[in-house]
Protein chains: 2
Amino acid sequence: MGLIVPRTLKGFRDYPPAAMIPRERLIDTARRVYRSYGFSPIDTPALEYLEILSGKGGEETDKQLYQFEDHGGRRVGLRFDLTVPLARFAAMHVGELGTPFKRYHIATVWRGENTQRGRYREFMQCDFDTIGTRSNTADIETALVIHDLLTAIGFRQFRIHVNNRMVLNGLLETMGLAERSAAILRALDKLPKIGPDRVIAEMQAQADVAAADAGRIVALSEIRGSTAEVLRQLAQLLAGSSSGVEGMERLGQLAAAVQAAGVPEDRFCIDLSIARGLDYYTGTVFETFLSALPAIGSVCSGGRYDNLAALYTTQELPGIGASLGLDRLLAAMEELGMIEQKTTAAEVFIALFDADHLHDYLRIAAALRASGLGVELFPEARKLGQQLKYADRRGYRAAIVAGSDDFAAGICQLKDLAAGTQQPIPLTADCSSLIAAIRSLLTPPNIDGP
Amino acid sequence: MGLIVPRTLKGFRDYPPAAMIPRERLIDTARRVYRSYGFSPIDTPALEYLEILSGKGGEETDKQLYQFEDHGGRRVGLRFDLTVPLARFAAMHVGELGTPFKRYHIATVWRGENTQRGRYREFMQCDFDTIGTRSNTADIETALVIHDLLTAIGFRQFRIHVNNRMVLNGLLETMGLAERSAAILRALDKLPKIGPDRVIAEMQAQADVAAADAGRIVALSEIRGSTAEVLRQLAQLLAGSSSGVEGMERLGQLAAAVQAAGVPEDRFCIDLSIARGLDYYTGTVFETFLSALPAIGSVCSGGRYDNLAALYTTQELPGIGASLGLDRLLAAMEELGMIEQKTTAAEVFIALFDADHLHDYLRIAAALRASGLGVELFPEARKLGQQLKYADRRGYRAAIVAGSDDFAAGICQLKDLAAGTQQPIPLTADCSSLIAAIRSLLTPPNIDGP
């Protein structure tokens, strides 16, 4: 029988350790930050009844749905996001869980996208949402979670852009243009690309908006300045629109609260030009940009919606949430040199230098592990050079080598594989000297002094 | 338009927080232990070419495969285990990764099983393997990982049963019965259920084994006693079988090394009656039983194989691995009262007692988070009783309540929701007194004294 060619499907990826280790670290960080705000984990099935999934993400998404008939003749599909499953989940369980319900969900989704656009057909989403409350406190917390996520990952230079859909909607209402908001938003979304004149022209042509009104709409998106200045200009533009003013007030409260909670001023701005999601979001919207890499787009986005689960239940479930763009962030971290090139998550390598001393190596490894250090013991008594080359390739810095002479002298050799140096360390039953020496080798010196 | 009935597919489960929190904790523990031995994470696609998956797990598995045609007309399937993807992955990447290659893989798999047997169609596997080495050190480490996994999860009373397939195979070789080993093993697997006499009868009937030989085979499985005693009896039975003796020696080395590494004697035994996997395993095999719940079966099993990826590459890849039975373990932990009934992973609840003090609550929350505590701030200024009921239901023990009078006096109230008590705590900018008071409230007293 011939061999089967080992290959993966187009648009699907294997994650070897070098890719998976930073991925797991990022997911761990997100989980820790979500939990630190009282968000709880949930999971839902990868497969759902097709009727739950289809028609929920628009025509494009329907086309991309992986769907088939299961063994029982049911039409089923693989989830294409975590929002539709959340809506279905909330409709089924929110009665017993109670509101507000704060959940995070980190899981794989599938879309049969055109891979020529550099998109993958399998990727992970990393969402958090607070449902069952209209309180602006939830919006404020969403901004704080985004801030803490980015700093916990290691970013210092980034900015969270916040808008509120009620502001523009309120303005459109006062102009009698509420019905045409979808077409107007489509034009407005092109502002950074085509500039104000062509956007105004498009609004006139596509949405039949009077030139003066189109001018005011574009002017709103172009308001810039400090929070106080933006709010001052907004108040003038929105006079007479109660929902516009409410949106503005929520923005003002959010800006003040985020500052009170300790977010530095340069990491937050009101940006009336962002308009995420044509119809889905109804209040606060967020986008987050890395100062070093603005071109990669928003790395954490989200917003407020009025009614999450309207398709499945008559219970009204307003909420707010956001999603961390894992793949985009990992690409950015790679580009910014924030990812260590390691294929091991352990700290210490022990060479199997002399197979007769296997029990000694095992005892040392056990003592180091008990102190919290990860330890890899090489399984074969190959030549030392080969073993150390393996360790170096995996990204180990600390390696322990000990032969009969060392054990007789009550020591082992601790090698610094990066520096190419080694030092003899006394071996005691609890390995305390060795543990201290390893920790000092692995801890980067504090360059600011003690 | 009518509502869509929110429901999940038969055999699939939602995981609400109460189920997901212990699940995440268990997975975190497994990941930490795997990493502490130098195993690195990988992931592979949920969907594979059908030809990669089909025919790999036997007829039963083929029938259970979720398979369909994708958008590009490719026949694809959802992975039904993590071993076949590992084989395919190893065939593609082992050249660049080098051996030994130690990986863990914690991921979802799908099988269209008959749910009447109480099985699920979507479940998680939690595997670790060392590939590319025949060294018994890898077998020893596998036993140590299993031991550390169970103790890290919180079990104290369990036993790892170890056998080596070479022992029985060696015996069969000396009897000229090697060809009939599959049928013999099938009969032998029934030993605990039907007893020695009927097993001997079945071996005679089904595999044409002479009564004396069948008796010796059953005798081998029935050897009991200390490691030394088992090895002594084995040596007699296996005289003349070089591969049997090799298996015996590997068992002996493994027993000695595991003891040297600190595994208590009662947590490990050589058990010649276990015979995991009829044909797949070729050397060491492991099963792990909880002393309190032996009937639930092995919670961590695995073994050594000769050639992982023979279907995809001519490179020979021997290896050894095991798999933690997550669902089984969680069921056992639930039954043994090892799972806290909480639907939050945070430690502290802050009531939004007075909306005018939102900024103060946000500042307190930020200070507590900076110290590593998870904090949920209630988003709505509902009645205090309602807020505390919510906190209690979620499983919070520590709740902070502060109104204008408290802030004026420079204090807040720290409530112990379990005891129904509260104490005033001075509020400073860094909240250090509050943090100390919360930690002391949350730390169970040391009943053994200081």
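Proteins get letters first, then strands, A, B, ... in listed order; numbering begins at 1 in each.
Heavy-atom pairs under 4.5 Å with chain A were tallied for B/H93, B/R394, B/R369, B/M20; the largest tally goes to B/R369. Contact count versus chain A (heavy atoms, under 4.5 Å) is highest, among B/L97, B/T344, B/L358, for B/L97. By number of non-hydrogen pairs under 4.5 angstrom with chain A, the leading residue of B/A260, B/G38, B/P45 is B/P45. Of the listed residues (A/A257, A/A346, A/G98), the greatest number of heavy-atom pairs within a distance under 4.5 Å of chain B belongs to A/A257. Top candidate by heavy-atom pairs under 4.5 Å with chain A, chosen from B/Y361, B/Y37, B/F12, is B/Y37. Comparing B/I42, B/L362, B/T8 by how many heavy-atom pairs each has under 4.5 Å with chain A, the most go to B/I42. Heavy-atom pairs under 4.5 Å with chain B peak, among A/G112, A/A18, A/A138, A/A256, at A/A256. Of all the listed residues (A/T108, A/V348, A/L377), the one sharing the greatest number of non-hydrogen pairs under 4.5 Å with chain B is A/L377. Contacts with chain A were tallied for B/K102, B/E69, B/R103; B/K102 has the most, counting heavy-atom pairs under 4.5 Å.
Heavy-atom distances place no part of A/V33 under 4.5 Å from chain B, backbone and side chain included. Neither the backbone nor the side chain of A/I364 has a heavy atom closer than 4.5 Å to any heavy atom of chain B. If you measure heavy-atom distances from A/T314 to chain B, the contacts under 4.5 Å come from both the backbone and the side chain. Neither the backbone nor the side chain of B/A19 comes within less than 4.5 Å of any heavy atom of chain A. Residue A/E51 touches chain B through both its backbone and its side chain, counting heavy-atom pairs closer than 4.5 Å. With a 4.5 Å cut-off on non-hydrogen atoms, B/F123 does not touch chain A at all. The part of A/K63 that comes within reach of chain B is its backbone (N, CA, C, O), which places non-hydrogen atoms under 4.5 angstrom from that chain. Interface remark: A/A366 contributes side-chain atoms only to the contact with chain B (heavy atom separation under 4.5 Å). For A/R32, no part lies under 4.5 angstrom from a heavy atom of chain B. Heavy-atom distances place the side chain of A/D28, and not its backbone, under 4.5 Å from chain B. Neither the backbone nor the side chain of A/Q259 comes within less than 4.5 Å of any heavy atom in chain B. Residue A/Y396 touches chain B through its side chain alone, counting heavy-atom pairs closer than 4.5 Å. For chain A, the nearby part of B/Q64 is the backbone; its heavy atoms alone come within less than 4.5 Å. Only the backbone of A/T343 comes within less than 4.5 Å of a heavy atom of chain B; no side-chain atom from C-beta onward does. Looking at A/A310, only its backbone comes within 4.5 Å of chain B, counting heavy atoms on both sides. Interface remark: A/A87 contributes no atoms to any contact with chain B (heavy atom separation under 4.5 Å).
For A/I52 against B/V5, the heavy-atom pair with the smallest separation is CD1-O, 3.7 Å. Closest approach of A/W110 and B/A46 over heavy atoms only: CZ2-CB, 3.6 Å.
For B/E48 and A/R7, the salt-bridge test fails: no basic side-chain N is under 4.0 Å from an acidic carboxylate O. With salt bridges taken as basic N to acidic carboxylate O contacts below 4.0 Å, none links B/R23 and A/D43.
For the pair A/R35 (side chain) and B/A345 (backbone), a donor-acceptor distance under 3.5 Å is absent. With A/E24 contributing its side chain and B/P41 its backbone, the two residues share no donor-acceptor pair below 3.5 Å. At least one donor-acceptor pair under 3.5 Å links the side chain of B/Y390 to the backbone N or O of A/P100. Remark: the backbone N or O of B/L65 is paired with a side-chain donor or acceptor of A/H71 at under 3.5 angstrom. Side-chain N or O atoms of B/R88 include none that pairs as donor or acceptor with a backbone N or O of A/P6 at under 3.5 Å. Under a 3.5 Å cut-off, the side chain of B/S40 and the backbone N or O of A/P17 do not form any donor-acceptor pair. The backbone N or O of B/D14 sits nowhere less than 3.5 Å from a side-chain atom of A/T44 that would complete a donor-acceptor pair.
No side-chain N or O of A/S135 forms a donor-acceptor pair with one of B/E380 less than 3.5 Å apart.
In this structure, the side chains of B/E122 and A/L47 stay at 4.5 Å or more apart for every pair of heavy atoms. At least one side-chain heavy atom of A/L352 sits less than 4.5 Å from a side-chain heavy atom of B/T137.
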| said: Under the criterion side-chain contact (heavy atoms from CB on, under 4.5 Å), I'd like the reasoning laid out for B/I4 against A/Y312: C-alpha separation, chi angles, the key distance, then a yes or no. | reply: CA-CA 5 Å; B/I4 297 164; A/Y312 312 107; 3.8 Å; yes

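The line from CZ of B/F68 to CG of A/L78 is 5.5 Å long, rounded to the nearest 0.5 Å.
Heavy atoms of other residues, nucleotides or ligands lying less than 6.0 angstrom from OH of A/Y15 number more than 12. At most 12 heavy atoms of other shown residues, nucleotides or ligands fall within 6.0 angstrom of atom OH in B/Y120.
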